[in-house]
Each structure stands twice: as C-alpha cells, then as structure tokens.
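First up is the structure itself, then whatever we jot down about it.
In this chain, residues are counted from 1 in sequence order. The shown structure was predicted, so the numbers you read here are calculated from the model rather than taken from an experiment.
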Amino acid sequence: MTSTIALSIFRYVLIAALVAFAGFPIYWMASTALSANSELYSTGQVPWPQLQKLPELISAMAGVPIGRWLFNTFLIACGTTVLSLLLGSLAGYALSRFRFRGRGLVGFLLFMTQVVPEALILVPLYAMFITLGLLNNLMGLVLANVGFSLPVAAFILKSAMDSIPYEIEESAIIDNCPRFGILSMIVLPLIMPSVAAAAVIAFFAGWNEFLFASTFLMDRSLWPTSVGLASFIGQYETPLSAVMGAALLFSVPAIVFFLLIQRQIVAGLTAGAVKG
C-alpha cells in the first residue's frame with residue numbers, strides 16, 4: 001500500500017515536472033514581453049513577469065497590425081487544412097480501394113514530395129505564380145502549402161482506410177449508395193481520429209508558414225504573423241519585448257488548438273499501426 005502511494009506521488013511529481021518543462025518557454029516569453037528593452041540589453045531580464053509594464057507593452061505594439069497578421073495566418077492555416085483533407089481523402093480512398101495501373105508509382109511520387117525541400121522549388125514556383133497571377137495572394141500561398149501537406153494527409157488517411165473491412169462498403173453499394181456517399185458518410189466517420197491527425201498536421205504546416213510567405217507576399221497587410229515577427233529585426237536594435245509579446249499572441253492559439261485535439265492526434269497517428 002505504501003509503495004503504491006509512493007508510486008502515485010512520484011508519477012504526479014514527474015507529470016508536474018514535465019508540464020513545467022514544456023510550459024517554461026511560454027512563461028519566459030511572457031516574462032520577456034513584460035520587460036523593458038533597456039533592462040534586456042543592459043542589466044538583464046528578471047525571472048518573473050512585471051505586470052506593471054503591461055501598458056508599456058501595449059503602447060509599443062500599438063502600431064503593429066498583429067490582429068491582421070493573425071487573421072491572415074488563420075486564413076492560410078484553415079485553407080491549407082480544408083484543401084488537404086478534401087484532396088487527401090479522395091487520394092487516400094483511391095489508393096486504398098482501387099487497383100489501377102501505376103498505383104504504386106503514384107504512391108511513390110507522393111512520398112517523394114516529402115524529400116524535396118521547399119527552398120529547392122522556390123524559384124520555379126515563383127515563376128509559375130507570376131504566370132498564374134498568384135503573387136501577393138493568400139490563395140496562392142494556400143496552394144503552395146497544400147502541395148506539401150496533401151501527401152502526408154493522403155498517406156495517413158489511406159493507412160486508416162486500409163483497416164476498414166470492405167464488406168461495409170459492399171453493403172452500401174448493394175443499396176445503390178454512390179462512391180462519394182460511401183466515402184463521406186461511411187468511411188470518413190469511421191476514421192475520424194486519423195482525419196483529426198491529418199488536419200492538425202496540415203493546420204500547423206499553414207500556421208508556421210514563412211518561406212513562401214516572405215517570398216510571394218509583398219503587401220504588408222497580407223503578411224502572416226511569422227513574416228511580421230521577422231520584420232521586427234532592425235539594423236541597429238530589435239524591440240525584444242514587442243517581439244516576444246507578438247510571438248506569445250502567435251503561439252497561444254496554436255497551443256490551445258493542440259491541447260484540445262491531442263487525444264485525436266495520438267489515436268490517429270497510431271491507427272492501423274497494429275493489426276489484430
């Protein structure tokens with residue numbers, strides 16, 4: 001009995017230590033944001049947030065369109081997620097259920113897209129966007145991100161669809177249910193954990209976008225938050241308190257989103273990994 005209580009106490013202490021370790025960067029960002037730049041560059045940062053300096057932080061960020069940047073980031077992330085799930089579910093279903101010539105080659109080409117770094121295709125993609133009129137356009141940025149997140153979503157959903165017995169679909173086919181209806185009303189509801197996992201991966205791919213955004217977007221009002229944060233860096237001085245304040249606002253929505261859906265992420269990533 002005593003050993004059980006000691007083990008429980010040790011477990012909770014370990015969990016608390018891990019939570020503190022994971023949350024320390026957020027705490028330090030808040031402490032840095034609530035410190036004066038003179039302190040950060042001279043005497044050093046104090047280890048606790050100075051709430052009395054919150055008005056100074058608000059005035060320092062008054063001229064920064066952080067709300068607009070966060071809204072642009074949200075649009076890019078949501079657009080990337082929706083398109084990746086829509087096209088990824090169709091591609092995953094085709095690879096899982098249909099037998100056609102070149103099926104293995106299609107899967108191999110989707111896999112190879114993850115080998116190519118984004119910087120390698122930056123110049124040809126820039127030329128393509130000029131031709132299509134997608135420069136300085138958030139939709140073009142969404143399409144560029146979908147090109148990298150779609151294969152991952154397709155493979156996650158395909159692996160989950162492989163574990164669904166085909167007899168379930170056969171009964172729907174006998175009832176004259178169309179293929180799209182089978183996918184949307186039968187298959188996808190059965191693999192919602194995998195759908196959630198693919199959605200999170202696509203969402204964060206769009207949320208953290210920087211390289212394409214800094215290259216294809218010239219209008220400051222269209223910048224996502226990642227590019228806006230980089231613009232704080234000056235030649236002679238960088239306002240660290242304002243940078244950390246904006247970075248904190250940029251990080252909190254993503255952290256909350258992850259915490260709300262983390263159970264679905266784990267279940268989706270492990271779905272189909274073990275066959276019974």
Side-chain angles (χ1 to χ4, degrees), residues 63-92 94-95 102 105-158 197-239 242-243 246-247 249-251 253-254 257:
V64 178
I66 185 65
R68 181 64 187 179
W69 291 346
L70 286 172
F71 181 71
N72 294 337
T73 304
F74 182 76
L75 289 181
I76 294 169
C78 289
T80 302
T81 304
V82 171
L83 270 180
S84 297
L85 290 181
L86 178 62
L87 300 178
S89 60
L90 296 175
L95 291 173
L105 179 62
V106 172
F108 175 75
L109 292 177
L110 285 175
F111 174 76
M112 287 301 295
T113 60
Q114 304 306 299
V115 179
V116 180
E118 293 183 357
L120 189 64
I121 66 170
L122 192 62
V123 174
L125 195 61
Y126 187 88
M128 186 184 301
F129 274 30
I130 291 177
T131 304
L132 298 176
L134 292 176
L135 281 182
N136 215 31
N137 190 319
L138 291 180
M139 187 58 197
L141 206 59
V142 169
L143 294 177
N145 280 280
V146 168
F148 284 89
S149 58
L150 168 61
V152 179
F155 274 114
I156 292 176
L157 297 179
K158 175 190 177 300
V200 168
I201 292 174
F203 181 86
F204 278 100
W207 187 268
N208 296 322
E209 167 57 39
F210 176 77
L211 181 62
F212 291 148
S214 60
T215 305
F216 300 150
L217 299 179
M218 282 71 72
D219 191 347
R220 189 170 185 259
S221 63
L222 295 176
W223 283 355
T225 313
S226 57
V227 179
L229 286 173
S231 68
F232 279 101
I233 301 175
Q235 182 177 1
Y236 301 106
E237 184 182 6
T238 299
V243 170
L249 294 175
F250 176 57
S251 303
F257 177 72

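S221 and N72 make their closest contact through O-ND2, 2.7 Å (heavy atoms, listed as atom of the first residue, atom of the second, distance). T73 and T225 get closest at one heavy-atom pair: OG1-N, 2.8 Å. When all heavy atoms of S149 and A205 are compared, the closest pair comes out as CB-CB, 4.4 Å. Shown here for N137 and G133, the closest heavy-atom pair between the two residues is ND2-O, 4.4 Å. Of all heavy-atom pairs spanning A77 and W207, the tightest one is CB-N, 3.8 Å. The nearest pair of heavy atoms linking L222 to L138 is O-CD2, 3.5 Å.
At least one side-chain heavy atom of R220 sits less than 4.5 Å from a side-chain heavy atom of P65. L134 places none of its side-chain heavy atoms less than 4.5 Å from the side chain of F216. Put simply, the side chain of F250 does not reach to within 4.5 Å of the side chain of I66, judged on heavy atoms. Residues V82 and F203 form no side-chain contact, since every pair of their non-hydrogen atoms from C-beta on lies 4.5 Å or further apart.
In this structure, L85 CG and I156 CD1 are separated by 9.5 Å, a value rounded to the nearest 0.5 Å. Separating the CG atom in L229 from the CZ atom in F210 is a distance of 9.5 Å, to the nearest 0.5 Å. With rounding to the nearest 0.5 Å, the separation of CG in L150 from CG in N145 is 12.0 Å. Once rounded to the nearest 0.5 Å, the distance linking OG1 of T215 with CG of L125 reads 9.5 Å. Here M139 contributes atom CE and L83 contributes atom CG; the two are 5.0 Å apart, rounded to the nearest 0.5 Å. Taking CE from M128 and CG from L135, the interatomic distance works out to 12.0 Å, rounded to the nearest 0.5 Å.
The ring-ring contact (aromatic ring centres under 6.0 Å, His included) test applied to F74 returns no partner, not counting sequence neighbours. Considering only residues two or more places apart in sequence or on other chains, T131 meets the side-chain hydrogen bond (donor to acceptor under 3.5 Å, both in side chains) condition with none of them. Residues meeting the side-chain hydrogen bond (donor to acceptor under 3.5 Å, both in side chains) test with S89, sequence neighbours left out: none.
S84 contributes no side-chain N or O that, together with a main-chain N or O of T81, makes up a donor-acceptor pair within less than 3.5 Å. Checked by atom type and distance alone, the side chain of N136 never pairs as donor or acceptor with a backbone atom of L217 at under 3.5 Å. At distances below 3.5 Å, at least one donor-acceptor pair connects side-chain atoms of E209 with backbone N or O atoms of F212.
Ring pair F155/F111 is perpendicular by interplanar angle, where above 60° counts as perpendicular and below 30° as parallel. Ring geometry, W69 versus F232: the interplanar angle exceeds 60°, so the pair is classed perpendicular (tilted spans 30 to 60°).
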